[in-house]
Amino acid sequence: MPLTPFLVARSQLLTAIDLFFEDRDPVSVQALAGNARELLESLCRLRGIEPMTELLLRDHPGRPKKDIYAALNLYRNCFKHVSGTKAARKDDQLTLDQFDDTKNEYLLYVCVEDYLRLREKSPVAMQILQAWFCALHAELLTQPELGEIFLKAAPEFAR
């Protein structure tokens with residue numbers, strides 16, 4: 001099967017989810033998920049599908065688009081670049097000092113949502129990630145009661 005941007009994104013996302021649930025290598029989770037997010041968003045736009053970033057923009061009216069993308073790519077950028085000035089490297093180190101695996105939860109969720117927008121179905125690992133995220137972050141859902149449903153179905157999702 002020839003490699004396509006979609007298959008690359010799918011592979012990166014599934015690997016990131018596996019690493020995340022195995023509690024292994026949060027830096028690689030962030031990098032892989034960040035790559036997948038970028039590809040999936042581009043594919044959504046090419047097909048005329050609204051990506052999750054557009055929903056984030058609507059949820060934060062008045063915030064410039066660049067701020068949303070800066071937040072989505074904050075850690076990933078520090079993982080792949082060394083800034084040119086001492087002051088910028090100091091700022092980057094402050095960012096790195098704030099990084100932990102919880103930062104990956106949101107990024108993985110955005111990726112899974114874009115994947116679903118493209119395919120209208122997903123592999124089991126993505127379904128589990130989505131249910132887990134919804135159970136833990138019900139306050140972010142348009143229907144928060146769904147989080148309770150997920151927690152009742154899988155109480156082990158509770159932290």
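Just so you know, these numbers come straight off a predicted model, no measurement behind them.
Residue Leu94 belongs to no hydrophobic cluster, having no ILVMFWY side-chain heavy atom closer than 4.5 Å to its own.
Remark: Leu14 pairs with Arg10, Pro123, Ala125, Met126 by the side-chain contact (heavy atoms from CB on, under 4.5 Å) rule, at least two apart or across chains. Annotation: salt bridge (charged side-chain N to carboxylate O under 4.0 Å, His left out) contacts of Asp100 (sequence neighbours excluded): Lys103. The side-chain contact (heavy atoms from CB on, under 4.5 Å) search around Asp25 returns Val27, Ser28, not counting sequence neighbours. Here Glu120 pairs with nothing under the salt bridge (charged side-chain N to carboxylate O under 4.0 Å, His left out) rule; sequence neighbours left out. For the side-chain contact (heavy atoms from CB on, under 4.5 Å) test, residues two or more places apart in sequence or in another chain that qualify with Ala88 are Ser83, Thr85. Not counting sequence neighbours, Arg47 has no partner by the salt bridge (charged side-chain N to carboxylate O under 4.0 Å, His left out) test. In this structure Pro64 satisfies the side-chain contact (heavy atoms from CB on, under 4.5 Å) test together with Lys66, Asp67, sequence neighbours excluded.
Pairs engaging residues 77-97 under the salt bridge (Lys or Arg N to Asp or Glu O under 4.0 Å) rule: none recorded [sequence neighbours left out]. Within the structure, the ring pair (Phe, Tyr, Trp, His ring centres under 6.0 Å) test picks out the following pairs touching residues 85-108 (sequence neighbours left out): Tyr75-Phe99, Phe79-Phe99, Tyr106-Phe133, Tyr106-His137. Sorted by first then second residue, the salt bridge (Lys or Arg N to Asp or Glu O under 4.0 Å) pairs that include residues 107-118, not counting sequence neighbours, are Asp114-Arg117.
Contact of the Tyr109 side chain with the Trp132 side chain is not registered, since no non-hydrogen atoms from C-beta on lie closer than 4.5 Å. A 4.5 Å side-chain heavy-atom check between Asn77 and Thr95 finds every atom pair outside the cut-off.
Atom CG in Leu19 sits 6.5 Å away from atom CD in Glu22 (nearest 0.5 Å).
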Mind listing the side-chain donor-acceptor pairs of residues 34-44 below 3.5 Å, one per line with the distance, residues two or more places apart or on another chain?
{"residue": "Asn35", "atom": "OD1", "partner": "Arg76", "partner atom": "NE", "Å": "3.1"}
{"residue": "Asn35", "atom": "OD1", "partner": "Arg76", "partner atom": "NH2", "Å": "2.9"}
{"residue": "Asn35", "atom": "ND2", "partner": "Ala31", "partner atom": "O", "Å": "3.4"}
{"residue": "Arg37", "atom": "NH1", "partner": "Glu41", "partner atom": "OE1", "Å": "2.5"}
{"residue": "Glu38", "atom": "OE1", "partner": "Arg76", "partner atom": "NH1", "Å": "3.0"}
{"residue": "Glu38", "atom": "OE1", "partner": "Arg76", "partner atom": "NH2", "Å": "3.2"}
{"residue": "Glu41", "atom": "OE1", "partner": "Thr53", "partner atom": "OG1", "Å": "3.4"}
{"residue": "Glu41", "atom": "OE1", "partner": "Tyr69", "partner atom": "OH", "Å": "3.4"}
{"residue": "Glu41", "atom": "OE2", "partner": "Arg45", "partner atom": "NE", "Å": "3.1"}
{"residue": "Glu41", "atom": "OE2", "partner": "Arg45", "partner atom": "NH2", "Å": "3.0"}
{"residue": "Glu41", "atom": "OE2", "partner": "Thr53", "partner atom": "OG1", "Å": "3.4"}
{"residue": "Glu41", "atom": "OE2", "partner": "Tyr69", "partner atom": "OH", "Å": "2.3"}
{"residue": "Ser42", "atom": "OG", "partner": "Glu38", "partner atom": "O", "Å": "3.1"}

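In the hydrophobic clustering of this structure, Leu72 does not group with Leu96; members are Ile, Leu, Val, Met, Phe, Trp, Tyr whose side-chain heavy atoms approach within less than 4.5 Å, directly or through other members.
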